[in-house]
**Q** 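Have a look at the structure that comes next, please.
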Amino acid sequence: MNMVVCVKRVPDTAESEVHIDSSGKGIETGKLSFRMNDADNYAVEEAILIKEKIGGTVNVISIGDEKSDEQIRMALAKGGDEAVRITDPALEGSDGFALAKALAAAVKGMEYDLVLTGALADDDGCAVVGVALAELLGVPHAAYVKKVEVLEDGKRIKVGRELEGGLMEFLEMDLPAVLTIQTGINEPRYASFKGIKAAAKKEIAVKSVADLGLDPSEVGEAGSWAVLESFSYPVVGEKAEILEGDPAETAAKLAAILKEKGLV
Amino acid sequence: MKDIFVLMEHRRGELREVSLELLSGAAGLGGTVVAVLLGSGADDFAAKAAGLADKVLYVDDPMFENYNAEAYQKALSALIKEHGPGLVLMGHTGHGVDLAPALAVELGAPLVTDITGLEMDGDKPKPVRQYYGGKLDAHMVLKDADLYILTVREATFQAAEPSKSGEVVKVANPVSEDISYRKFVEYVEPEVGEVDITQSALLVGVGRGIREDKNLPLLEELASALGADLAASRAVVDAGWLPADRQVGISGKTVKPKLYLAVGISGAFQHVTGMKGSEFIVAINKDPDAPIFGIAQVGIVDDLLKVVPALTEKIKELKG
Ligand SMILES: Cc1cc2nc3c(=O)[nH]c(=O)nc-3n(C[C@H](O)[C@H](O)[C@H](O)COP(=O)(O)OP(=O)(O)OC[C@H]3O[C@@H](n4cnc5c(N)ncnc54)[C@H](O)[C@@H]3O)c2cc1C
Ligand SMILES: Nc1ncnc2c1ncn2[C@@H]1O[C@H](COP(=O)(O)O)[C@@H](O)[C@H]1O
């Protein structure tokens, strides 16, 4: 089974303040740490699990600058075989459609049975790229996949899609196909020391938009469905009453409130 | 203004609430609101949609008993080409996410997903959506086109009382081929665990902020002092720290306890959807900007590893 996995480098914003930068369209990244997109980590693991079970190759693709090599190498260290990084100033401002076009151009040049993306990217949260990519490649897809089983003939798969309330929808589909992988599908491994050392030596093929046979106007803002006009801080309704003091004080205050409400 | 198509979403014999929300929201946008229903023996859904739509386009075919993105895409693109709406709305749900990007690519229609606000500039939508787990709003400008597609977050609009009696127009199924390359097999319900958190009066919601499962006992002690059950964010379930039946949120359970004490939970909308109906919400989080403080009544901004043991002690003291 020849597999392609798409991974994105994203800022870790869950625990940090997010500040809009002076352009109004970006954020200040100076103090943020970056990591592999959560769902992509599961997609990488799923590809490696399939490879370990039935054999095959795992090709890693990322669109980003050279810093994305860190995430690409992590995927290689865990068991990926080859890697491509797509880097081009023309990609600046790309939305999910433009990114999918660049990925499709790269994937078309590879042999593949299965393309895995994450269910959504933690930064933009669009959930667009995987399904758009499938349409551009002209192959079937399934989104929010939380179970993959390769059927005996290796030409079909059975997948479980996770819907609202945790309901699973099972389908059978033909390969090649694109799946968008949901978190929790497996338990992503840690890269071994040996794997990390081997990955450090692997070559990452760097491609420009022109290398992929695309015109710069097909990507970036020009090639996108939508562009970001501006960011704003969300208007929150009434915010929580914040209890002040050290942990002993805030805990005592909270306990008193719970008691007064009859909850203790 | 051109017509607005609203896709009716149904699952296992039920029309989903988001469909009614979208019909209600679309009513304020200016165009003729057309509910598009792909179903099988779904006359009751058609009647329900007609209460909120100016017109219902209804394709009745066994092919549409269960959702199939490929069949839906073929049918919708044919109906769109025939009727020429200017805007298509669908829910940002497991179904919508599986359909909208492919349909948009096929039709060359600009798509914006998971929108949380919408205004129109003539025929052109001006959507707002969130970035960075709800920490920022993004105002999007769409490329000029004849058709736009938007997926809308659930509960963005409120379902109104039925006030219209749109004409139900049955149309022939435009899809004739058998779609064997993607076939629906079955639905499987999530497993039921030992505790039904939808019945719990008091819940302590555990988030990724606990960092390691070795910190879980701190939360268990707090829950036991309170007489509460433990609930969890998806991150905690994905990590295997608590079983899936404890998950609160869009892909977990909807809970409405008297107390929901969110500990180390950021407050992503997928989580909040499942617990915002709780009577009293308290959040403990070290990040003062965590979205959870936008829906909690009371909050503590501090390290949970310090606050939780102190709180457990205080509760024990109070209980004597
Ligand atoms: C289709 C789909 C469905 C989903 N369904 C669900 C769902 O049903 N339920 C759900 O919960 N999520 C769901 N999610 C995931 C959701 O988007 C979030 O990723 C998830 O809710 C995050 O969980 P969390 O708040 O525990 O973790 P994080 O977002 O990582 O937040 C951790 C929080 O802990 C705080 N923290 C860290 N250390 C400390 C400390 N020492 N003391 C105090 N605070 C600390 C941080 O400030 C942060 O706010 C879904 C996502 C998708 C794409
Ligand atoms: N820059 C990128 N490079 C590689 N893959 C990407 C990139 N952006 C998005 N993807 C893939 O598409 C998925 C969904 O992204 P999105 O549609 O932006 O939510 C991610 O989880 C990745 O697998």
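Residue numbers start from 1 in every chain, and the chains themselves are labelled A, B, ... in the order their sequence lines are given, proteins ahead of strands. Here the structure is a predicted model, which is why all the values come from computation and not from measurement. Hydrogens, waters and symmetry mates are skipped; everything else that's a heavy atom, side chains included, is used.
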**Q** Against chain A, label Glu70(B) side chain, backbone, both or neither, depending on which of its atoms sit under 4.5 Å from a heavy atom there.
**A** side chain
**Q** May I ask you to decide whether Arg208(B) forms a salt bridge with Asp38(A), counting only side-chain N to carboxylate O separations under 4.0 Å?
**A** yes
**Q** So which part of Val112(B) gets closer than 4.5 Å to some heavy atom of chain A, the side chain, the backbone, both or neither?
**A** side chain
**Q** Let's test your reading of the structure: which of Asp95(A), Asp123(A), Ile257(A) forms the most heavy-atom pairs below 4.5 Å with chain B?
**A** Asp123(A)
**Q** Under a 3.5 Å cutoff, is there a donor and acceptor pairing between the side chains of Lys183(B) and Asn68(B)?
**A** no
**Q** Would Lys101(A) pass as a cation-pi partner of Phe97(A), given that its NZ or CZ must be under 6.0 Å from the six-membered ring centre and within 45 degrees of the axis?
**A** yes
**Q** Report which part of Ala222(A) has an atom under 4.5 Å of a heavy atom belonging to chain B: side chain, backbone, both, or neither.
**A** backbone
**Q** Pick one of side chain, backbone, both or neither for Glu187(A), based on which atoms fall under 4.5 Å of a heavy atom in chain B.
**A** neither
**Q** Just so I know, are the side chains of Pro257(B) and Ser200(B) near enough to count as touching, which here means a heavy-atom distance under 4.5 Å?
**A** no
**Q** Given heavy-atom pairs under 4.5 angstrom as the criterion, report whether the side chain, backbone, both or neither of Thr151(B) touches chain A.
**A** neither
**Q** Only pairs of heavy atoms separated by less than 4.5 Å count here; which of Ser224(A), Ala251(A), Gly125(A) has the most with chain B?
**A** Ala251(A)
**Q** Under a plain distance cut-off of 3.5 Å, with no hydrogens placed, do Asp178(B) and Ser180(B) share a side-chain donor-acceptor pair?
**A** no
**Q** Taking every heavy-atom pair that is under 4.5 Å apart, which of Thr113(B), Leu136(B), Asp289(B) has the most such pairs with chain A?
**A** Leu136(B)
**Q** Does a donor on one side chain and an acceptor on the other come within less than 3.5 Å for Ser251(B) and Glu164(A)?
**A** no
**Q** Between Arg12(B), Glu154(B), Glu279(B), which shows the greatest number of heavy-atom pairs under 4.5 Å with chain A?
**A** Arg12(B)
**Q** Between Asp124(A) and chain B, with a heavy-atom cut-off of 4.5 Å, which part of the residue counts as in contact: side chain, backbone, both or neither?
**A** both
**Q** Within 45° of the ring axis of Tyr67(B) and under 6.0 Å from its six-membered ring centre, is that where the NZ or CZ of Arg11(B) lies?
**A** no
**Q** What part of Val282(B) gets closer than 4.5 Å to chain A, counting heavy atoms only: side chain, backbone, both or neither?
**A** side chain
**Q** Between Arg211(B) and Glu15(A), is there a salt bridge with N-O shorter than 4.0 Å?
**A** yes
**Q** What part of Pro188(A) gets within 4.5 angstrom of chain B, counting heavy atoms only: side chain, backbone, both, or neither?
**A** neither
**Q** By a 4.5 Å heavy-atom criterion (distance strictly below it), what part of Ala248(A) contacts chain B: side chain, backbone, both, or neither?
**A** backbone
**Q** Please look at Ala14(A) and chain B and tell me whether the side chain, the backbone, both or neither of the residue comes under 4.5 angstrom of a heavy atom of that chain.
**A** backbone
**Q** Ring centres of Phe231(A) and Tyr131(B) under 6.0 Å apart?
**A** yes
**Q** Counting heavy-atom pairs under 4.5 Å with chain B, which one of Gly245(A), Ser230(A), Ala132(A) comes out on top?
**A** Ser230(A)
**Q** Picking from Ser16(A), Ala240(A), Ala100(A), Ala142(A), which has the most non-hydrogen pairs under 4.5 angstrom with chain B?
**A** Ala240(A)
**Q** Side chain, backbone, both or neither: which part of Ala296(B) has a non-hydrogen atom closer than 4.5 Å to chain A?
**A** both
**Q** Quick one: what part of Lys253(B) sits under 4.5 Å from any heavy atom of chain A, side chain, backbone, both or neither?
**A** neither
**Q** Measure distances from Ile27(A) to the heavy atoms of chain B and classify the residue's part below 4.5 Å as side chain, backbone, both or neither.
**A** side chain
**Q** Show the numbers, then the answer: is there a side chain to side chain contact (heavy atoms under 4.5 Å, CB included) between Leu254(A) and Leu243(A)?
**A** CA-CA 8 Å; Leu254(A) 178 53; Leu243(A) 307 178; 3.8 Å; yes
**Q** In terms of heavy-atom pairs under 4.5 Å with chain A, which of Asp114(B), Thr312(B), Thr93(B) leads?
**A** Thr93(B)
**Q** The test is side chain to side chain contact (heavy atoms under 4.5 Å, CB included); show your working for Leu175(A) and Met1(A) and say whether it passes.
**A** CA-CA 10 Å; Leu175(A) 294 178; Met1(A) 180 85 54; 3.7 Å; yes
**Q** Just by distance, with hydrogens left out, do His139(B) and Ser232(A) show a side-chain donor and acceptor under 3.5 Å apart?
**A** yes
**Q** For chain A, find which of Gly240(B), Ser266(B), Ala104(B), Gly133(B) contributes the most heavy-atom pairs closer than 4.5 angstrom.
**A** Ala104(B)
**Q** Between Ser77(B) and Glu106(B), do the side chains contain a donor N or O and an acceptor N or O under 3.5 Å apart?
**A** yes
**Q** Under a 4.0 Å threshold between the charged nitrogen and the carboxylate oxygen, would Arg189(A) count as salt-bridged to Glu45(A)?
**A** yes
**Q** Of the backbone (N, CA, C, O) and the side chain (C-beta and beyond), which part of Glu317(B) lies under 4.5 Å from a heavy atom of chain A, both, or neither?
**A** neither
**Q** Of the listed residues (Thr250(A), Leu136(A), Val227(A)), which shares the most heavy-atom pairs with chain B below a 4.5 Å separation?
**A** Val227(A)
**Q** Measuring heavy-atom distances to chain A, does Asp287(B) have an atom under 4.5 Å in its side chain, in its backbone, in both, or in neither?
**A** side chain
**Q** Does Lys261(A) make a cation-pi contact with Phe280(B) (under 6.0 Å, within 45 degrees of the axis)?
**A** yes
**Q** Could you check Arg161(A) against Leu163(A) for side chain to side chain contact (heavy atoms under 4.5 Å, CB included), going step by step and ending with a plain yes or no?
**A** CA-CA 6 Å; Arg161(A) 298 206 312 120; Leu163(A) 305 176; 3.6 Å; yes
**Q** If you tally heavy-atom pairs under 4.5 Å against chain A, which of Lys314(B), His92(B), Arg182(B), Arg129(B) wins?
**A** Arg182(B)
**Q** Please determine, among Lys306(B), Lys135(B), Gln297(B), Glu191(B), the option with the most heavy-atom pairs under 4.5 Å with chain A.
**A** Lys135(B)
**Q** Quick check on Glu221(A) against chain B: is it the side chain, the backbone, both or neither that has a heavy atom closer than 4.5 Å?
**A** backbone
**Q** Is Lys146(A) close to chain B through its backbone or its side chain, or both, or neither, when contacts mean heavy atoms under 4.5 Å?
**A** side chain
**Q** Walk me through whether Leu203(B) and Ile197(B) qualify under side chain to side chain contact (heavy atoms under 4.5 Å, CB included).
**A** CA-CA 8 Å; Leu203(B) 284 173; Ile197(B) 56 167; 4.0 Å; yes
**Q** I'd like to know which of Glu172(A), Lys239(A), Met173(A) tops the heavy-atom pair count under 4.5 Å against chain B.
**A** Glu172(A)
